[in-house]
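Written below as structure tokens is the structure these notes are about.
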Amino acid sequence: MKDSLEHATDALADVAAKLKRTVEKKRSHRLRNMLFVAGAAAVAATGAVVARRRLRTSVPGMPQPTSVDAAVDVGVPVTVAYNQWTQFEEFPQFMEGVDEVKQLDDTLLHWAATIAGRRAEWDAQIIEQEPDRRITWESVDGKRTRGTVTFETKGPERSRVRLHMSYQPDGVAEQVGSAMGLDSRRIHGDLARFRELVEGRQSATGAWRGEVHDGEKKKA
């Protein structure tokens with residue numbers, strides 16, 4: 001009788017131990033599953049935030065500023081190159097897409113251009129102008145642009161013209177063109193055509209030798 005009770009007690013103890021291990025195992029599985037789900041949710045949320053950030057930077061209507069640098073050596077003295085550049089109304093002869101430039105006064109220019117198949121017009125003010133050295137202009141309405149052209153003597157009959165342009169592309173077409181480097185190729189082409197123009201003449205068609213500082217013409 002005693003042996004039977006001991007066997008029954010041992011059997012109950014084994015069942016209780018197995019039941020306890022089963023319960024603990026199920027708890028462990030549930031905990032791992034909960035941690036896995038929480039981790040997956042965190043990763044998904046992080047990915048969604050990154051995706052939204054990327055989307056915000058690529059949405060049309062939120063373009064990033066673009067800048068382009070180009071330079072060309074021309075076979076004329078620096079004074080000839082500078083004088084020709086001051087003839088802004090002749091820009092359409094070598095600037096692709098520029099339809100018209102009107103000089104309203106000594107420091108204000110009105111531009112009209114066809115960009116990505118669309119016509120645009122804007123006014124730009126000359127901010128700095130130093131003879132034979134540099135000219136800087138900036139739009140005051142319409143297209144958001146800024147440019148600086150500098151002139152450097154490379155010899156008695158040779159000079160270097162360097163152009164820096166920055167602008168904010170408008171619309172998908174302009175953004176795509178900028179991303180493909182079309183703007184860079186166009187500006188390099190503009191300088192190449194300027195070289196052909198001034199070298200072919202070997203003299204400037206006119207000149208303006210005044211100075212401008214902070215958008216104001218310097219008094220003689």
Side-chain angles (χ1 to χ4, degrees), residues 65-115 122-140 143-169 177-178 180-220:
T66 298
S67 61
V68 180
D69 290 280
V72 67
D73 288 350
V74 295
V76 297
V78 70
T79 297
V80 174
Y82 172 85
N83 287 346
Q84 184 60 53
W85 197 279
T86 65
Q87 304 307 291
F88 302 109
E89 294 190 350
E90 296 186 25
F91 277 9
Q93 295 184 31
F94 63 89
M95 283 192 170
E96 181 182 350
V98 175
D99 301 321
E100 184 181 32
V101 178
K102 290 183 179 179
Q103 185 150 10
L104 305 179
D105 58 35
D106 289 333
T107 64
L108 191 63
L109 308 171
H110 180 76
W111 291 69
T114 301
I115 303 170
W122 66 96
D123 289 337
Q125 182 182 21
I126 298 172
I127 302 171
E128 301 289 335
Q129 186 163 348
E130 300 176 60
D132 300 339
R133 292 192 60 190
R134 66 169 177 154
I135 304 172
T136 297
W137 64 95
E138 184 175 40
S139 63
V140 295
K143 298 291 293 183
R144 289 158 289 181
T145 66
R146 183 183 176 92
T148 295
V149 59
T150 59
F151 304 86
E152 179 185 355
T153 298
K154 302 299 290 183
E157 300 295 326
R158 197 163 189 81
S159 56
R160 175 167 296 170
V161 179
R162 189 180 302 276
L163 179 62
H164 173 81
M165 292 286 295
S166 62
Y167 64 97
Q168 195 110 6
S178 176
M180 294 176 62
L182 298 179
D183 296 312
S184 177
R185 289 198 291 271
R186 181 179 62 78
I187 289 176
H188 279 82
D190 291 345
L191 286 183
R193 285 184 290 274
F194 175 77
R195 178 180 58 196
E196 293 174 2
L197 176 70
V198 74
E199 286 184 348
R201 293 172 175 168
Q202 286 296 307
S203 63
T205 57
W208 192 79
R209 306 290 297 178
E211 292 188 33
V212 178
H213 298 287
D214 295 325
E216 298 291 335
K217 178 184 174 182
K218 183 179 178 180
K219 295 181 180 179

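Within the 4.5 Å cutoff, side-chain heavy atoms of Val80 are placed close to those of Val198. In this structure, Ile127 and Val212 have side chains that are not in contact, with every pair of non-hydrogen atoms separated by 4.5 Å or more. Residues Ile126 and Thr136 fail the side-chain proximity criterion, which asks for heavy atoms closer than 4.5 Å.
Note that CG of Asp190 is 10.0 Å distant from CZ of Phe91, once rounded to the nearest 0.5 Å. How far CD of Glu128 is from CG of Asp214: 5.5 Å, rounded to the nearest 0.5 Å. Taking CG of Asp73 as the start and CD of Glu199 as the end, the distance is 9.5 Å to the nearest 0.5 Å. Between Trp85 atom CH2 and Glu90 atom CD the span is 12.5 Å, to the nearest 0.5 Å. Atom OG1 in Thr153 sits 11.0 Å away from atom CZ in Arg133 (nearest 0.5 Å). Atom NE2 of residue His188 and atom CZ of residue Arg186 lie 12.0 Å apart, to the nearest 0.5 angstrom.
Donor-acceptor pairing under 3.5 Å is lacking for the side chains of Gln103 and Gln87. In the model, Ser67 has no side-chain atom that pairs as donor or acceptor with a side-chain atom of Ser166 under 3.5 Å.
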| field | side chain to side chain contact (heavy atoms under 4.5 Å, CB included) evaluation trace for Gln84 with Thr205 | value | CA-CA 6 Å; Gln84 184 60 53; Thr205 57; 3.3 Å; yes
| request: Could you walk me through whether Leu109 and Asp123 pass the side chain to side chain contact (heavy atoms under 4.5 Å, CB included) test, one step at a time? | output: CA-CA 6 Å; Leu109 308 171; Asp123 289 337; over 6 Å; no
| request: Assess whether side chain to side chain contact (heavy atoms under 4.5 Å, CB included) is satisfied between Val68 and His164, documenting all intermediate values. | output: CA-CA 6 Å; Val68 180; His164 173 81; over 6 Å; no
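Under the side chain to side chain donor-acceptor pair (under 3.5 Å) criterion, Gln93 pairs with Arg201, sequence neighbours left out. With sequence neighbours excluded, the residues that form a side chain to side chain donor-acceptor pair (under 3.5 Å) with Asp99 are Thr114, Arg119. Contacts of Glu96 classified as salt bridge (charged side-chain N to carboxylate O under 4.0 Å, His left out), with partners at least two apart in sequence or in another chain: Arg193. Residues that satisfy the side chain to side chain donor-acceptor pair (under 3.5 Å) test with Lys217, not counting sequence neighbours, are Asp106. Qualifying salt bridge (charged side-chain N to carboxylate O under 4.0 Å, His left out) partners for Arg158, counting only residues two or more places apart in sequence or in other chains: none. Under the side chain to side chain donor-acceptor pair (under 3.5 Å) criterion, Thr79 pairs with Asp132, sequence neighbours left out. Every residue meeting the side-chain contact (heavy atoms from CB on, under 4.5 Å) condition with Asp105, not counting sequence neighbours, appears here in chain and number order: Thr107, Leu108. Every side-chain contact (heavy atoms from CB on, under 4.5 Å) that Met165 has, sequence neighbours left out, goes to Trp137, Leu163, Ile187. In terms of the salt bridge (charged side-chain N to carboxylate O under 4.0 Å, His left out) criterion, Asp69 has no residue partners (sequence neighbours excluded). Taking Thr86 as the reference, Tyr82, Gln129, Ile135, Trp208 meet the side-chain contact (heavy atoms from CB on, under 4.5 Å) condition, with sequence neighbours excluded. Every residue two or more places apart in sequence or in another chain that forms a side-chain contact (heavy atoms from CB on, under 4.5 Å) with Glu211 is listed here: Pro131, His213, Lys218. Under the rule for a salt bridge (charged side-chain N to carboxylate O under 4.0 Å, His left out), the partners of Arg146 that lie at least two apart in sequence or sit in another chain are Glu138.
Taking every heavy atom of both residues into account, Arg162 and Ala71 meet most closely at NH1-CB, 3.8 Å. Heavy atoms only, all atoms of each residue included: Val101 and Pro92 are closest at N-CG, 4.3 Å.
More than 12 heavy atoms of other residues, nucleotides or ligands lie within 6.0 Å of CZ in Arg209, so this atom counts as buried by the packing criterion.
Using the six-membered ring where Trp is involved, Trp122 and Trp111 have ring planes that are parallel, under 30° apart on the 30 and 60° scheme.
Side-chain atoms of Ser159 do not come within 3.5 Å of backbone N or O of Lys154 as any donor-acceptor pair.
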